[in-house]
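Let me begin by presenting the structure, written as structure tokens, before commenting on it.
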Protein chains: 2
Amino acid sequence: MSGGEFNSWQSVQAEVLRRINAREWKPGDFIPNEAELAIEFGCARATVNRALRALAESGLLDRRRKAGTRVALNPVRKATLDIPVIRYEIESKGQTYRHTVLTQERAVPPSGIRARMQVEQGVKLIHLVTLHLADGKPYVFGDRWINPQAVPGIEAADLTVKSANEWLVANIPFEGGDFSFSAMTAGKREAEILACKEGEGLFVIDRSTWNKGLVITSVRLTFAPGYQMHTKI
Amino acid sequence: MSGGEFNSWQSVQAEVLRRINAREWKPGDFIPNEAELAIEFGCARATVNRALRALAESGLLDRRRKAGTRVALNPVRKATLDIPVIRYEIESKGQTYRHTVLTQERAVPPSGIRARMQVEQGVKLIHLVTLHLADGKPYVFGDRWINPQAVPGIEAADLTVKSANEWLVANIPFEGGDFSFSAMTAGKREAEILACKEGEGLFVIDRSTWNKGLVITSVRLTFAPGYQMHTKI
DNA sequence: TTGGACTATAAGTATATACATAAAAACCTG
DNA sequence: CAGGTTTTTATGTATATACTTATAGTCCAA
């Protein structure tokens with residue numbers, strides 16, 4: 001009965017993975033419970049738990065109390081991607097980073113931004129358009145709205161020295177964020193700012209960040225042609 | 001010294017998060033070691049370990065043996081995103097899903113694909129162009145190369161019934177994948193297939209999947225205009 | 001001053017035990 | 001038999017203890 005020596009949670013995990021891949025345990029199948037596996041593997045139940053929990057977190061197993069553990073039916077695998085800080089991203093490629101503030105103003109936001117940031121009608125926000133350059137060439141530009149009520153001290157900060165993003169991550173804690181990734185077609189404005197042709201496809205990230213129920217900032221990053229975002233499973 | 005009662009790893013995690021957000025522990029700071037925190041929180045070291053490990057996995061803490069635990073300097077937060085199975089994605093929006101195979105052939109891949117899939121020069125792969133439709137309208141098209149050596153049984157499968165992606169996830173286990181996200185400009189071919197205008201910006205996902213060192217498949221998904229991919233932290 | 005050997009330390013892990021909790025399954029009861 | 005209650009059970013978690021491992025720091029010698 002004893003299937004060998006499994007004395008680390010990684011080895012247990014590897015064996016479970018092997019059985020899933022070898023289709024000994026097929027998608028949808030219930031697998032033996034923790035206690036049984038612990039006996040079979042000759043280790044403590046906590047060790048099995050650690051291995052199975054990790055696999056469940058990565059989406060490969062479904063676990064429910066009392067019901068048991070089954071191999072996930074639709075292997076919706078999860079990829080983790082690092083949210084880039086633009087300066088690091090550029091500098092890690094060995095390029096020099098520079099950024100310029102194109103415009104800075106207090107203004108009433110358009111309704112789309114207002115809805116996303118959950119502010120009252122007529123409230124003025126800080127509106128900031130910045131361009132980030134790699135080796136002097138346009139890399140990405142950011143169209144950002146900041147809620148000054150959620151960000152004490154922003155009025156006094158000089159955002160031409162440190163970019164708004166860096167100032168915010170360094171000074172304002174946040175709980176979470178929404179991201180969306182999409183593509184757009186370069187119009188006249190984008191073509192001018194990014195020094196590309198009108199009509200080119202551009203990669204776009206929209207991000208909102210919040211803390212304590214207040215939306216701190218909402219930004220649209222429009223990247224110059226050729227940008228790629230990578231990740232692995 | 002005892003800071004209160006923390007008798008679950010979640011409560012410990014919440015307290016640590018609070019201190020980070022309140023800047024009691026600033027980015028770059030070392031925090032007390034597990035043993036000290038366990039005493040302060042009045043719980044076992046394993047409980048502190050569980051809480052800190054989870055925070056480290058989400059990128060908020062940096063931990064190294066012997067060195068200790070510090071608040072991450074650049075809060076490169078990690079977002080997890082679900083890799084969509086197109087049919088589910090479409091059906092979960094209440095739309096009807098359909099897909100058609102535009103072309104299917106055995107062919108020698110172009111050098112870019114050959115390099116990415118690590119196959120010898122001159123080897124023929126399966127090349128498959130498919131269109132996925134939501135409510136009858138073009139949603140995304142896939143230009144896919146499959147290495148038949150890595151996929152026993154693919155020759156016999158009828159990929160017009162089940163899409164290649166679904167056939168693969170159902171039949172071939174995989175260890176990992178590379179993803180990249182980018183934007184492109186619709187050319188004549190894309191405009192025709194996706195029924196959009198030439199020159200529109202399109203969202204693109206390139207994905208390779210491998211198992212046991214063999215690249216199974218490499219696919220480029222080109223989405224119709226308007227597609228967005230969402231995620232949260 | 002450098003470079004290798006040693007040591008101390010903090011995280012990492014394994015284990016037995018105990019109890020908590022969610023929820024499926026069995027058991028009522030009208 | 002429907003609907004609610006109890007029991008059972010698999011996962012989830014906490015804890016004390018012990019040992020492992022990576023590595024920052026220290027020490028020492030060439």
Side-chain angles (χ1 to χ4, degrees), chain A residues 1-17 19-20 24-73 78, chain B residues 1-17 19-20 24-73 78:
Chain A
M1 187 64 209
S2 170
E5 270 317 291
F6 296 97
N7 44 11
S8 77
W9 71 267
Q10 287 97 335
S11 67
V12 171
Q13 190 185 47
E15 171 63 11
V16 172
L17 259 178
R19 292 187 188 185
I20 294 173
E24 294 175 24
W25 293 337
K26 300 185 193 65
D29 283 1
F30 279 99
I31 74 175
N33 69 39
E34 292 185 351
E36 288 166 16
L37 287 176
I39 292 169
E40 192 198 339
F41 291 152
C43 66
R45 183 168 79 87
T47 307
V48 175
N49 180 280
R50 180 84 163 82
L52 298 187
R53 181 160 41 81
L55 288 171
E57 274 167 14
S58 76
L60 226 70
L61 294 176
D62 281 335
R63 322 192 75 202
R64 288 225 318 283
R65 280 183 181 167
K66 161 73 184 174
T69 300
R70 56 165 68 192
V71 181
L73 250 183
K78 297 178 166 68
Chain B
M1 191 63 216
S2 170
E5 269 319 290
F6 297 97
N7 45 9
S8 79
W9 70 268
Q10 287 97 333
S11 68
V12 170
Q13 189 185 48
E15 171 63 11
V16 171
L17 261 177
R19 293 188 188 184
I20 292 172
E24 293 174 25
W25 293 337
K26 299 185 193 66
D29 283 1
F30 279 99
I31 74 173
N33 69 39
E34 293 186 349
E36 288 166 16
L37 287 176
I39 293 169
E40 191 198 339
F41 292 152
C43 66
R45 182 166 81 85
T47 307
V48 175
N49 180 282
R50 180 85 166 80
L52 298 187
R53 181 159 43 79
L55 289 171
E57 272 166 16
S58 76
L60 225 70
L61 293 175
D62 281 335
R63 322 192 74 202
R64 289 226 314 286
R65 282 181 181 172
K66 160 74 184 176
T69 300
R70 58 164 69 192
V71 181
L73 246 185
K78 295 176 167 69

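In what follows, chains are A, B, ... by sequence order, proteins preceding strands, each numbered from 1. Because the structure is a prediction, the values reported are computed rather than measured.
In this structure, the CD1 atom of A/Ile39 is 12 Å from the P atom of D/dA10, given to the nearest Å. Rounding to whole angstrom units, NZ of residue A/Lys66 and C1' of C/dA20 are separated by 16 Å. Between A/Gln13 atom CD and C/dG12 atom C1' the separation is 15 Å, expressed in whole Å. What separates CG of B/Leu61 from P of C/dA10 is a distance of 17 Å, to the nearest Å.
Closest heavy-atom contact between A/Gly59 and A/Ala72: O-CB, 3.5 Å.
Taking the charged nitrogens against the carboxylate oxygens, B/Glu34 and B/Arg53 have no contact shorter than 4.0 Å, which rules out a salt bridge.
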Next on the checklist: Run A/Leu52 and A/Ile31 through side-chain contact (heavy atoms from CB on, under 4.5 Å) and show every step you take.
Outcome noted: CA-CA 11 Å; A/Leu52 298 187; A/Ile31 74 175; 4.2 Å; yes

Next on the checklist: Under the criterion side-chain contact (heavy atoms from CB on, under 4.5 Å), I'd like the reasoning laid out for A/Glu36 against A/Asn33: C-alpha separation, chi angles, the key distance, then a yes or no.
Outcome noted: CA-CA 5 Å; A/Glu36 288 166 16; A/Asn33 69 39; 3.5 Å; yes

Next on the checklist: Pair B/Glu40, B/Leu37 - check side-chain contact (heavy atoms from CB on, under 4.5 Å), show working.
Outcome noted: CA-CA 5 Å; B/Glu40 191 198 339; B/Leu37 287 176; 3.8 Å; yes

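A sub-4.0 Å separation between OP1 or OP2 of C/dA10 and a side-chain N or O of B/Thr69 is absent.
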Next on the checklist: Please encode protein proximity along nucleotides 12-21 of chain D as a string of B, S and -, counting only heavy-atom distances under 4.0 Å.
Outcome noted: BBSBS-B--B

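The side-chain contact (heavy atoms from CB on, under 4.5 Å) test applied to B/Lys26 returns B/Arg23, B/Asp29, not counting sequence neighbours.
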